[in-house]
Amino acid sequence: MKAKKMMAIILFALTAAGVQADGIRIEPFTLAANEEKDVEILFDNDKDYGGLQFDLYLPDGVSIFEDEDGLYYENTERLQYKNGRKTVDFNMDVELQNDGSYRFLIYNTAGQNIAGESGEAILTVRLTASDQVLSSTQRIRVKQQVLSTVDAEETQVADTSFPFSLTVKAKIGPLGYATFSWPVPLDFTGLDLQAFIATERNNGSIHLEPVEKVPAGTGLLLKGTEGTYTLQTTYEDGDDVSGNLLTGTAYGEETVNSSDVFVLASKEDGKLGFYRAANGLTVYQYKAYLKISSEARAFFFEDMITGIAETGTAKTNAPIYTIEGLRAKTPSRPGIYIKGGKKMVVPMDGRNNL
């Protein structure tokens with residue numbers, strides 16, 4: 001009786017220590033929406049095997065990349081052997097099954113083995129994620145795994161799963177701004193990246209309103225230092241974006257066929273702004289454009305003035321605003337004001353530089 005208890009304790013200790021059984025393994029990785037990434041599938045085996053079979057289950061929105069040549073995967077050196085002077089790959093069949101899983105069958109007809117005591121990759125698959133994925137930790141699941149020796153001895157491996165991260169990314173160029181839209185709700189709370197909608201117009205000026213939680217498809221202006229940002233998706237209700245003058249192209253590129261469209265661009269003088277777009281111009285997917293009826297040639301914005309955009313047609317009788325966006329009858333106190341989209345400074349002597 002005591003011996004049996006001791007054996008049970010030893011077996012439990014081995015299991016708890018995480019002894020790796022023979023079978024395939026996938027190291028953690030990150031995959032961004034609309035990205036293609038090569039992911040290695042490793043094979044841990046203490047003894048030699050002549051072949052194996054397994055079903056790969058990917059989460060919704062993730063698939064093996066496919067082009068005109070079919071599903072993309074490649075053998076590694078572990079699935080090669082020398083036949084005289086010629087290097088021969090193991091045979092590999094991959095089939096997309098009715099339940100959406102991919103069945104891999106790896107074998108050879110020359111009695112060759114996948115040598116044990118390696119744990120290195122046996123193949124590489126190219127994965128891709130759609131633009132509908134949510135940022136989260138997901139798992140790749142492996143089922144129906146069978147290992148076979150050259151003597152036809154088969155070993156069934158228990159179902160396993162391996163974690164990886166799905167993300168959504170946005171890129172900011174060297175000028176610090178970009179337009180953006182995405183077909184999944186986003187949350188900018190706590191990010192080193194500001195998101196704005198264009199909500200109102202006053203005598204030629206456009207007000208940029210910061211937002212944090214935005215519904216799917218919202219046209220945005222992003223502001224940040226140059227780089228690529230990992231965004232947060234959300235299930236929560238978004239901010240009120242009614243009246244937004246920015247139109248997103250989250251669901252497909254659009255061709256300009258109106259004189260009321262302005263696109264973010266930098267002209268030869270290096271000045272960034274929303275310039276009137278020519279008919280026939282293509283606005284690429286996941287971007288946004290400003291749609292507004294105006295005689296202005298372009299709309300510019302002062303980097304130091306949060307939330308106020310300049311227009312190319314300033315007026316002498318335009319209203320005056322403080323840098324906080326509050327309307328002022330006259331600039332009576334020293335400080336920085338905005339008039340007609342232009343910056344004006346009222347110094348201590350009461351005169352301004354306009």
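For Glu66, the CD atom counts as densely surrounded, since its 6.0 Å shell holds more than 12 non-hydrogen atoms of other residues, nucleotides or ligands. Residue Asp69 qualifies as enclosed at atom CG: its count of foreign heavy atoms under 6.0 Å is above 12. In the displayed structure, Asp60 atom CG is contacted under 6.0 Å by at most 12 heavy atoms of other residues, nucleotides or ligands. Counting non-hydrogen atoms of neighbouring residues, nucleotides and ligands closer than 6.0 angstrom, the CG atom of Asn279 exceeds 12 such neighbours. Within 6.0 Å of NZ on Lys171 lie no more than 12 heavy atoms contributed by other residues, nucleotides or ligands. Within a 6.0 Å radius of NZ in Lys37, other residues, nucleotides and ligands contribute more than 12 heavy atoms.
Counting only distance, with no hydrogens or angles, the side chain of Thr179 and the backbone of Ala288 share a donor-acceptor pair below 3.5 Å. The backbone N or O of Glu209 sits nowhere less than 3.5 Å from a side-chain atom of Thr199 that would complete a donor-acceptor pair. Under a 3.5 Å cut-off, the side chain of Gln285 and the backbone N or O of Ala250 do form a donor-acceptor pair. Proximity of a side-chain donor or acceptor of Asp151 to a complementary backbone N or O of Glu153 within less than 3.5 Å is not detected. Side-chain N or O atoms of Gln194 include none that pairs as donor or acceptor with a backbone N or O of Lys223 at under 3.5 Å. The backbone N or O of Glu120 sits less than 3.5 Å from a side-chain atom of Arg78, completing a donor-acceptor pair. In terms of modelled atom types and a separation under 3.5 Å, the side chain of Asn113 and the main chain of Ala115 share no donor-acceptor contact. With hydrogens and angles disregarded, no donor-acceptor distance shorter than 3.5 Å links the side chain of Glu36 to the backbone of Phe65.
Residue Leu42 comes nearest to Ile26 through the heavy atom pair CD1-CA, 4.5 Å, listed as atom of the first residue, atom of the second, then distance. Counting all heavy atoms, side chain and backbone alike, Ala33 lies closest to Val168 at CB-CG2, 4.3 Å. Across all non-hydrogen atoms, the minimal contact from Arg25 to Gly119 is NH2-O, 3.4 Å. Across all their heavy atoms, Asn75 and Met92 have their closest contact at OD1-CE, 2.9 Å. For Lys47 against Asn45, the heavy-atom pair with the smallest separation is O-ND2, 2.9 Å. Of all heavy-atom pairs spanning Leu264 and Ala178, the tightest one is CD2-CA, 3.9 Å.
Of the candidates Gln144, Arg103, Arg141, Arg103 is the only one forming a side-chain hydrogen bond (donor to acceptor under 3.5 Å, both in side chains) with Asp55. Applying ring pair (Phe, Tyr, Trp, His ring centres under 6.0 Å) to Phe299 and the options Phe274, Tyr275, Phe262 leaves one that passes, Phe262.
Within the 4.5 Å cutoff, the side chain of Leu231 has no heavy atoms near those of the Trp182 side chain. When side chains are defined from C-beta on, Val39 does not count as touching Phe164, because their heavy atoms never get closer than 4.5 Å. Within the 4.5 Å cutoff, no side-chain heavy atoms of Val261 are placed close to those of Leu281. Between Ile64 and Leu58 the shortest side-chain heavy-atom distance falls below 4.5 Å. Using a 4.5 Å cut-off on side-chain heavy atoms (C-beta onward), Phe43 and Leu147 make contact. Taking 4.5 Å as the limit, every side-chain heavy atom of Val62 sits out of range of all side-chain heavy atoms of Gln138. Counting heavy atoms from C-beta on, the side chains of Ser63 and Tyr102 come closer than 4.5 Å. In this structure, Val157 and Asp22 have side chains that are not in contact, with every pair of non-hydrogen atoms separated by 4.5 Å or more.
Sorted by first and then second residue, the side-chain hydrogen bond (donor to acceptor under 3.5 Å, both in side chains) pairs involving residues 254-264 (not counting sequence neighbours) are Glu254-Tyr289.
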Donor-acceptor pairs under 3.5 Å, side chain of residues 235-248 to any protein atom, not counting sequence neighbours: which ones?
residue: Asp239; atom: OD2; partner: Glu212; partner atom: N; Å: 2.9
residue: Asp239; atom: OD2; partner: Lys213; partner atom: N; Å: 3.3
residue: Asp240; atom: OD1; partner: Ser242; partner atom: N; Å: 3.0
residue: Asp240; atom: OD1; partner: Ser242; partner atom: OG; Å: 2.8
residue: Asp240; atom: OD2; partner: Ser242; partner atom: OG; Å: 3.3
residue: Asn244; atom: OD1; partner: Ala198; partner atom: N; Å: 3.0
residue: Asn244; atom: OD1; partner: Leu246; partner atom: N; Å: 3.1
residue: Asn244; atom: ND2; partner: Gly219; partner atom: O; Å: 2.9
residue: Asn244; atom: ND2; partner: Leu246; partner atom: O; Å: 3.2

Under 3.5 Å, side-chain donor or acceptor atoms of residues 123-135 against the rest of the protein: list the pairs with distances, not counting sequence neighbours.
residue: Arg126; atom: NE; partner: Asp38; partner atom: OD1; Å: 2.7
residue: Arg126; atom: NH2; partner: Asp38; partner atom: OD1; Å: 3.4
residue: Arg126; atom: NH2; partner: Asp38; partner atom: OD2; Å: 3.2
residue: Arg126; atom: NH2; partner: Tyr72; partner atom: OH; Å: 3.2
residue: Thr128; atom: OG1; partner: Glu35; partner atom: O; Å: 3.2
residue: Ser130; atom: OG; partner: Gln132; partner atom: N; Å: 3.2
residue: Asp131; atom: OD2; partner: Tyr286; partner atom: OH; Å: 2.6
residue: Ser135; atom: OG; partner: Thr233; partner atom: N; Å: 3.0
residue: Ser135; atom: OG; partner: Thr233; partner atom: OG1; Å: 2.9

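Annotation: the span from Thr149 atom OG1 to Asp48 atom CG amounts to 9.5 Å, rounded to 0.5 Å. Considering NZ of Lys271 and CG of Leu175, their distance stands at 13.0 Å, rounded to 0.5 Å. In this structure, CG in Leu221 is found 10.5 Å from CD1 in Ile206, a value given to the nearest 0.5 Å. For the atom pair CD of Gln80 and CG of Asn108, the computed distance is 12.5 Å after rounding to the nearest 0.5 Å. Here CG of Leu96 is found 7.5 Å from OG of Ser101. Values are rounded to the nearest 0.5 Å. Rounding to the nearest 0.5 Å gives a distance of 5.0 Å between CG of Leu222 and CD1 of Ile172.
Phe162 pairs by the ring-ring contact (aromatic ring centres under 6.0 Å, His included) definition with nothing, not counting sequence neighbours. For the ring-ring contact (aromatic ring centres under 6.0 Å, His included) test, no residue two or more places apart in sequence or in another chain qualifies with Tyr57.
Taking the six-membered ring where tryptophan is involved, the planes of Phe104 and Phe54 are essentially parallel, since the angle between them stays under 30° and well short of 60°.
The other members of the hydrophobic cluster of Leu105, by chain and number, are Tyr107 (side-chain heavy atoms under 4.5 Å, ILVMFWY only).
Taking hydrophobic clusters as Ile, Leu, Val, Met, Phe, Trp and Tyr residues chained together by side-chain heavy-atom distances below 4.5 Å, Leu71 shares a cluster with Ile122. In terms of hydrophobic clustering, with Ile, Leu, Val, Met, Phe, Trp and Tyr side chains grouped at heavy-atom distances under 4.5 Å, Val94 and Leu56 are assigned to a common cluster. Note on Tyr49: it clusters hydrophobically with Val88, by side-chain heavy-atom contacts below 4.5 Å among ILVMFWY residues.
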Worksheet item: Can you check side chain to side chain contact (heavy atoms under 4.5 Å, CB included) on Leu52 and Ile24, steps first, answer last?
Response: CA-CA 10 Å; Leu52 65 153; Ile24 68 168; 3.7 Å; yes

Discussion item. One pair to check against side chain to side chain contact (heavy atoms under 4.5 Å, CB included): Val211 and Phe188. What are the steps and the verdict?
Written reply: CA-CA 8 Å; Val211 288; Phe188 291 86; 5.7 Å; no

Practice prompt. Using the side chain to side chain contact (heavy atoms under 4.5 Å, CB included) rule, take Leu31 and Leu166 through it: C-alpha gap first, then chi angles, then the decisive distance, then the call.
Written response: CA-CA 5 Å; Leu31 180 66; Leu166 281 174; 4.1 Å; yes

